[in-house]
Amino acid sequence: MIEDRSGAASSWAVQRPGGRDVALMGVAVLGVSMSGPLTALVAAPVLAVAFWRNAVGAAVLLPVLLTRERASLQGLALRDLGSSVVAGLFLAAHFAAWLPSLTMTTVAASTALVTTTPIWTALAARFVGVRLPAPVWWGLVLAVAGAGLIAGVDVSVSLEALAGDGLALLGAIFAGGYVLAGARARERLSTSAYAVVAYSVCAVVVALGAVLADVPLGGLSGRDWLLIAGITVCAQLLGHTLLNLVLSTVGPTMVSLVILLEVPGATLVALVLLQQAPPLLALPGMLAVVAGVALVVRGSRPTTLVEPAT
């Protein structure tokens, strides 16, 4: 157990991103920022969107794994894929919890709650022995609060809304599990190997859920297929996959925090594509998110922050 905690602490530590990591995360944020607005334009069931973006994402990366990164498969055992399978299960659970919440509570409240992921990853990292400096904690709180301002959190007292809020919060925790498991997997696997396994597992689980819920995955319109293709390229391949690439160098808390930039990014994209005017607190919220991310980056160290837990 001590070795497990030590290994987790090593892979879950917060590390300051270098120039290459910043560039990759910047492209990834642009990609995931397209997800929400494009998904809002899709008429197909959300489970179909979740299935196809993961299934196609895995299929696109498989040739990369079998050609350019084929050498990374040498010496791998089935046990080395365990963390990738766990990550895929967490990703599927994230979709299963969060997507229904969007119809049970306000989109604003759901969005604000599901963006609390970096808090959960930071707490998990602290539990296994990663000591985070005070500026990192302040940055996390500031960024999450900023996301809440952008979402324009609307408090409802109905039981259905409360259940939806709980599902959104659960979705955030599952998303935290996804990036934490991914960080462990990336210690042994290349990006393509990890992503192919995680995306495939997620797609299979979502497909099973769709069958149980009698949700069709096919028979979509040409417009929906084009939109899903756009979501797959932007959110899955440029978004998730590039974030998975930097997981091994910056840590899961930094990755989940950077994903918060999706909130102001999606707000701006929605303004252009959907003509949805942002709430009055969007501008200060955006500034808070950016300031929070900057504070965490500045407060982190170039090397691991792992220290003996007390």
Side-chain angles (χ1 to χ4, degrees), residues 7 11-12 20-21 24-25 27-32 34-35 39 46-96 99 117 121 174-211 217-218 225 228-252 255-256 258-259:
S11 59
W12 294 354
R20 173 178 174 272
D21 293 329
L24 290 173
M25 289 190 293
V27 175
V29 168
L30 291 176
V32 296
M34 299 294 294
S35 178
T39 301
V46 289
L47 285 181
V49 177
F51 169 77
W52 287 111
R53 62 179 283 181
N54 281 278
V56 175
V60 169
L61 291 174
L62 184 59
V64 177
L65 173 61
L66 297 179
T67 55
R68 193 176 68 181
E69 297 186 351
R70 184 175 182 178
S72 66
L73 298 176
Q74 295 179 358
L76 280 180
L78 287 178
R79 64 177 179 273
D80 296 325
L81 303 179
S83 294
S84 299
V85 172
V86 171
L89 293 174
F90 270 122
L91 184 57
H94 162 71
F95 285 127
L99 293 177
T117 297
T121 57
F174 286 142
Y178 164 58
V179 293
L180 289 169
R184 294 300 302 274
R186 286 285 286 111
E187 289 184 312
R188 300 177 178 86
L189 302 178
S190 65
T191 303
S192 61
Y194 160 62
V196 166
V197 175
Y199 297 170
S200 298
V201 170
C202 179
V204 169
V205 174
V206 170
L208 291 175
V211 170
L217 296 179
W225 284 122
I228 290 175
I231 293 168
T232 301
V233 172
C234 294
Q236 201 72 19
L237 296 176
L238 293 181
H240 278 244
T241 303
L242 290 182
L243 291 173
N244 289 332
L245 177 62
V246 301
L247 260 178
S248 59
T249 56
V250 303
V255 166
S256 58
V258 167
I259 293 175

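Computed from a predicted model, the values in this text were never measured in an experiment.
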For a quick check under 3.5 Å, do N244 and T191 share a side-chain donor-acceptor pair by atom type?
no
What one should report as the nearest heavy-atom pair of V196 and L62 is CG2-N, 3.8 Å
In this structure, OG1 of T249 is separated from CG of D21 (nearest 0.5 Å) by 3.5 Å
Check your understanding: Quick one: are I231 and Q236 in side-chain contact, heavy atoms under 4.5 Å?
Key -> no
When every non-hydrogen atom of A87 is compared with those of G182, the smallest separation belongs to CB-N, 4.1 Å
Check your understanding: Taking the six-membered ring for Trp, are F174 and F90 parallel (under 30°), tilted (30 to 60°) or perpendicular (over 60°)?
Key -> tilted
Correct closest heavy-atom pair for A235 and V32 would be O-CG1, 4.0 Å
F95 versus N54: any side-chain heavy-atom pair under 4.5 Å? yes
message = So does V56 get a backbone contact from the side chain of R53, meaning a donor-acceptor N/O pair under 3.5 Å?
response = no
In terms of heavy-atom contacts, A28 and L242 come closest through CB-CB, 4.0 Å
Check: For the residue pair Y199 and H240, does the interplanar ring angle fall in the parallel (under 30°), tilted (30 to 60°) or perpendicular (over 60°) class?
Finding: perpendicular
inquiry  = For a 4.5 angstrom cut-off between non-hydrogen side-chain atoms, does V201 reach V86?
reply    = no
Contacts of Y194 meeting side chain to side chain donor-acceptor pair (under 3.5 Å) (sequence neighbours excluded), chain-then-number -> none
(request) Report yes or no: does W52 contribute a side-chain atom to a donor-acceptor pair with the main-chain N or O of A229 at less than 3.5 Å? (result) no
Closest non-hydrogen atoms of T232 and G57, given as atom of the first, atom of the second and distance, are CG2-N, 4.0 Å
- request: State whether the side chain of T241 and the backbone N or O of S192 hold a donor-acceptor pair below 3.5 Å, judged by distance alone.
  value: no
Exercise. Under the side chain to side chain contact (heavy atoms under 4.5 Å, CB included) rule, what do L81 and L189 come out as? Steps first, then yes or no, please.
Key: CA-CA 8 Å; L81 303 179; L189 302 178; 4.0 Å; yes
A195 and L61 have their tightest heavy-atom pair at CB-CD1, 3.6 Å
Across all chains, not counting sequence neighbours, the side chain to side chain donor-acceptor pair (under 3.5 Å) partners of S84 are none
Review point. Are L245 and R186 close enough that some pair of their side-chain heavy atoms sits under 4.5 Å apart?
Key: yes
Applying side chain to side chain contact (heavy atoms under 4.5 Å, CB included) to L89 and V205, what does each step give before you reach the verdict? CA-CA 7 Å; L89 293 174; V205 174; 3.8 Å; yes
